[in-house]
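So you know, we letter chains A, B, ... as the sequences are listed, proteins then strands, and number each from 1. Reckoned from all heavy atoms, side chains included, excluding hydrogens, waters and symmetry mates.
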Amino acid sequence: MIDIRLLRNDLDLVKKCISRRGENTEVLDLVIELDLKQRQSAEKRDELRNEIKEVSRQVGELHKSGKTDEATPLQESSRNMRVEEEKLSEECDRISDEIRELLLRVPNIPAEDCPEGVGVEDNVVLRVEGGDTLWEEHQRIPHWEIGEALKILDVERATKLSGAMFAMYTGLGATLCRALIQYGLDRNADEYREIRPPTLVLTETMISTGHLPKFIDDAYHLERDDLWAIPTAEVPLTSYARDEILDESDLPIKLMSHTSCFRREAGSAGRDTRGLLRVHEFDKVELLAYATPEQAQEVHDDILSRAESAIADLGLTYRILDLCTGDLGNSSARTFDIEVYAPGADQWLEVSSVSWFSDYQARRANVRYRAQGEKGTSVVHTLNGSGLAVPRVWAALVETYRQEDGSISIPEPLLPYMQGVKTIN
RNA sequence: GGAGAGGUGGCUGAGUCAGGUCGAAAGCGCUCCCCUGCUAAGGGAGUAAGGGCUUAAAAGCUCUUCGUGGGUUCAAAUCCCACCCUCUCCGCCA
């Protein structure tokens, strides 16, 4: 959520920032209008409350000194004031709710240095790294074919169990999946504390990251218990410190989680449906940090370099994109995407979005910090990115490491996790 | 799922079953000052968050918050109702 005081102080500036995303800014005018109304009636309401309190005090004293008859008219007038107070109070609450509803749907302000653009085509490719572009014929087999041939991926049975766009890893395919997770966690354990959070969360938890209310169609909801299946560990980790006041000396706080992630993919029906390109449920290692505004840049770099090296060390080809204002996620101020190249599917696959959310999520989640020796609190910044997203890395890896004889050789960093298996055949 | 106990500030914990300067005793912690060769001990002062108004600022005024939401009342941490959560016991269970 953006700071409403920023809106009051400089509406035009906020409008200019939001419209860089190509978003309509009319709501902001409405918010300002409602905000003014709300403050006016709140002021009247508070005055009335003050009077009621004062009268009550007098009534109390009169009763104590036995002058009950003198108290009666005061009680009468207080009753009348209460009727008026309730009216104002109701109006205030109604307007406040309305403002909140609107504000929850306003996206974050992009970082100043975020590249300008209207859509994916305007994202800036910062660099392309890794393997050569001369791919051998035996690497040009898509992973769904490899998976079937080696019996390490069973999409057909997964569909039987759960419907379209679910996957099932089998045998060494499942082992490889587990190896990637462990690899993703272990290499970041030096600084990031491992958390295994719940994967079903309350509505409030989904609101904090920005996944609700705007993107309700993308989330799985368990109606009976009013719980949501998390689309990423970003969701529970962002609420880890919800409503807490952190010590500045404890920041940055770095956390990581391996969880299942659930996505309805409502807007992408029929797109990327083959194999592991886009699935409703997948495993992912997520890195997340709470930081001061001053620390944010450094932490952003840290998460990006960790996400990048995880892919680089596996010997995969990848590129890094600086997302433009038009493609930036709703809650993000700046995002770098890492895309891995899958030679068999012949596609760049997004495997990590490393984002700086400024105070947008933290304001929703009410995560603050107290600076040493200063009074008052400030809103923290949140940052996160995938340390390792299993299906797409699995796919690119299987395709990249397919040998002429159809087997898959396991890259060296994963060997410690493969129980002695060096080749899948 | 059943029975009982309980949810108060950064923490511990009074206040609730006589409703009225109680946003809240006391202790711990923390900050500053004094004392001290250093440390410890000791003495003193301060110390919740959030909103609004006023102000150049310092500061001041005011409202909200004692698990959440309703109700009673001139007045609610305190009385009533519902719900949530925690703990103990029983049941069930990976």
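- Rounding to whole angstrom units, CD1 of residue A:I52 and C1' of B:C74 are separated by 9 Å.
- Here, B:G10 and B:C87 have their C1' atoms 22 Å apart, quoted to the whole Å.
- Distance from the side chain of A:N50 is smallest to B:U62 among B:U62, B:G20, B:U64.
- Within the structure, every pair that satisfies the salt bridge (Lys or Arg N to Asp or Glu O under 4.0 Å) test and touches residues 207-216 of chain A, not counting sequence neighbours, is listed here: A:E23-A:K214.
- Between the P atom of B:A75 and the NZ atom of A:K64 lies a distance of 17 Å, rounded to the nearest Å.
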Could you go over nucleotides 67-70 of chain B and give all protein N or O partners under 3.5 Å, atom names and distances?
none

Nucleic acid footprint by protein, nucleotides 47-54 of chain B - heavy-atom cut-off 4.0 Å, B for base, S for sugar-phosphate alone: --SSBSS-

Got a list of side-chain donor-acceptor pairs under 3.5 Å for residues 147-154 of chain A, not counting sequence neighbours?
residue	atom	partner	partner atom	Å
A:D154	OD1	A:E156	N	3.4
A:D154	OD1	A:R157	N	2.9
A:D154	OD2	A:R157	NH1	2.9

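- For RNA chain B, the neighbouring residues in residues 74-86 of chain A, judged by any heavy atom under 4.0 Å, are A:Q75, A:S78, A:R79, A:R82.
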Let me have the donor-acceptor pairs involving side chains of residues 411-421 of chain A, under 3.5 Å, with sequence neighbours excluded, atom names and distances please.
residue	atom	partner	partner atom	Å
A:Y417	OH	A:D186	OD2	2.8

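- Within the structure, ring pair (Phe, Tyr, Trp, His ring centres under 6.0 Å) contacts touching residues 349-371 of chain A (residues at least two apart or in different chains) are A:W356-A:H381.
- Between A:S56 and A:K53, the residue anchored closer to the 5' end of RNA chain B is A:S56, taking for each the nucleotide with the nearest heavy atom.
- Taking A:Y240 as the reference, nothing meets the ring-ring contact (aromatic ring centres under 6.0 Å, His included) condition, with sequence neighbours excluded.
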Run the numbers on A:T209 and A:E234 for side-chain hydrogen bond (donor to acceptor under 3.5 Å, both in side chains), then give the verdict. CA-CA 8 Å; A:T209 44; A:E234 166 191 343; 5.0 Å; no

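- The list of salt bridge (Lys or Arg N to Asp or Glu O under 4.0 Å) pairs with a residue in residues 413-423 of chain A, not counting sequence neighbours, is empty.
- Within the structure, salt bridge (Lys or Arg N to Asp or Glu O under 4.0 Å) contacts touching residues 238-252 of chain A (residues at least two apart or in different chains) do not occur.
- One interatomic measurement links the two molecules: CG of A:L227 to P of B:C85, which rounds to 11 Å at whole-angstrom precision.
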Expected list for residues 45-52 of chain A: side-chain donor-acceptor pairs under 3.5 angstrom, two or more places apart:
residue	atom	partner	partner atom	Å
A:R49	NE	A:E85	OE2	2.7
A:R49	NH2	A:E85	OE2	3.3
A:R49	NH2	A:S89	OG	3.3

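- In textbook terms, a nucleotide whose glycosidic angle is within 90° of 0 is syn, while B:A56, being further out, is anti.
- At whole-Å resolution of the value, CG in A:L48 and C1' in B:C74 are 14 Å apart.
- Remark: A:Q58 pairs with A:E54, A:L74 by the side-chain contact (heavy atoms from CB on, under 4.5 Å) rule, at least two apart or across chains.
- To the nearest whole angstrom, the two P atoms, one in B:G6 and one in B:C63, are 33 Å apart.
- The distance from atom CD of A:Q40 to atom C1' of B:C63 is 17 Å, rounded to the nearest whole Å.
- Partner of A:Y183 under the side chain to side chain contact (heavy atoms under 4.5 Å, CB included) criterion, chosen from A:V393, A:V285, A:D313: A:D313.
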